Number of protein chains: 2
Amino acid sequence: MDTETDPPRRGRPRRGQEPLSRKRIVDAAMALAEAEGVERLTMRGVAKRLGVDAMSLYNHVASRDALLDAITEAVLAGLRLPAPSGDLAADVRAVAHAFRRSALRHPRCVPLVLTRQLDAPAALGPTEAVLAVLDRAGFPPERAVHALRTSLAFLVGSLLREVSAGPAFSGADVEGAGRRETELTASGLPHVVAAAPHLAVCDHDAEFAFGVDALVAALEAARR
Amino acid sequence: MDTETDPPRRGRPRRGQEPLSRKRIVDAAMALAEAEGVERLTMRGVAKRLGVDAMSLYNHVASRDALLDAITEAVLAGLRLPAPSGDLAADVRAVAHAFRRSALRHPRCVPLVLTRQLDAPAALGPTEAVLAVLDRAGFPPERAVHALRTSLAFLVGSLLREVSAGPAFSGADVEGAGRRETELTASGLPHVVAAAPHLAVCDHDAEFAFGVDALVAALEAARR
DNA sequence: ACCTGAACACCGTTCAAGT
DNA sequence: ACCTGAACACCGTTCAAGT
């Protein structure tokens, strides 16, 4: 009958849409994760975003788990680290802030990156960069690996807190902070009560800066 | 009809099994998580372990998410912290090791505890303990909160690495370490190659000890 | 009051069939 | 070669019904 009653339903790209590809799938998955959270990142959901049948995805990614790995890789690939200058403090700061900056570009994907094995080949670039900094600062290889892992632990813990704390805590949510402070005060625990106003809010920038200072001090001390 | 025949009403405990309760459910859930991992912790699975229908669980916990919260609480409740002695280094070490020890009692539940909001009321005990240590060491409340968060970030990152690294890396898995080392060497990244033998293995005890030393140094430096 | 069966609206994934 | 529909074996959760 008529030739255009339905949107073109076939293996052909609809409406000049480019064909399915691993990259398009990963991009859509990241967008979905960013919009709804990783726990709601579903094969069927990704497929719908691409206007495609869920099963079609399996031509390009092996499984949901492989897709999560691909996202991890993509996030890590966005990490650009400067060449070391030779000044330990400056270099550590630069690495830490670069790490945080690229993490916060995909906040809701961060738990994925931090929770999965960070030793995947994709993470070797950052590893090399940090080891280079530590080498320049005089760390022999074995101590450098220890220092690397301690630094990573701090960064992972910091970023995990920041991204999973949600938008409350940012200082903007005055009402939430107030409610929280009365909760803390109600606990009756003396030091918690005394620190309640500070515990009730969290300025992530300042918090990270404090932590990085501490990390620098620790590495300076561990250098010898 | 309506006699005093109301007494022990139950779903008829099979074979002297005690009746369902929130505690029994949480215990079974932790055991299941420990045996199969949190991602396979399923309402139906927990119910099966208890010889009960899945829907019965909802009489005692509101949802799967509430059950995960209950597990988090139970793990945190197992944390026993010593009273502060006044010596910052000794006290920080004591807290860190107590934290790790109780985490490793339920290794596969740890990601849960670390990933969920650590500010739940259940976490106030540990918070109080750390603040007490920092107060004794001379930190005014605001700085103490910064120091607390930095310490927590390090602990969270360290424990997350340890529990999700799996049993490989422990040094026992010589074959895995060998395979891993050749992988690292193949990367061609100069510092990674130079450090490959150390990157290929991870002695969690030694690693944690190094990190705690660094943390102590950082806190000593931040004290003034 | 507590437990259950059936049912709903989802999942990831396999497979044979289409083009 | 790539995409699809139907199907399988699961999920969490609701609800009305049993005791």
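Numbers restart at 1 for each chain; the letters A, B, ... are given by sequence-line order, proteins then strands. Note that this is a predicted model, so its numbers are computed, not measured.
- A cation-pi arrangement is not found for A:Arg149 relative to B:Phe210, the charged atom failing to lie both closer than 6.0 Å to the ring centre and inside a 45° cone about the ring normal.
- A heavy-atom distance below 4.5 Å is not found between the side chains of A:Arg100 and A:Leu155.
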Review item, nucleotides 5-7 of chain D N/O atoms under 3.5 Å of protein N/O:
from	atom 1	to	atom 2	distance (Å)
D:dG5	OP2	A:Asp53	OD2	2.8

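- Contact of the A:Glu181 side chain with the A:Thr185 side chain is registered, since non-hydrogen atoms from C-beta on lie closer than 4.5 Å.
- Across all strands shown, A:Ser56 has heavy atoms under 4.0 Å from base atoms, whether or not it also approaches the sugar-phosphate.
- Distances shorter than 4.0 Å separate none of the side-chain N or O atoms of A:Ser63 from OP1 or OP2 on C:dG12.
- A heavy-atom distance below 4.5 Å is not found between the side chains of A:Glu128 and A:Leu81.
- Residue B:Leu41 is tested with B:Met30, B:Arg64, B:Glu34 for a side chain to side chain contact (heavy atoms under 4.5 Å, CB included); the sole match is B:Arg64.
- Within the 4.5 Å cutoff, the side chain of A:Arg116 has heavy atoms near those of the A:Asp65 side chain.
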For DNA chain D, what string of dots and brackets results from 5' to 3' when Watson-Crick and G-U pairs need both distances under 3.5 Å, crossing pairs get [ ], and pairs with another strand get |? ||.|||||...|||||.||

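- Mapping A:Arg40 and A:Ala62 onto DNA chain C via the closest heavy atom, the residue that lands nearer the 5' end is A:Arg40.
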Side-chain donor-acceptor contacts of residues 52-61 of chain A below 3.5 Å, not counting sequence neighbours, with atom names and distances?
from	atom 1	to	atom 2	distance (Å)
A:Ser56	OG	A:Asp53	O	3.2
A:Asn59	ND2	A:Ser56	O	3.3

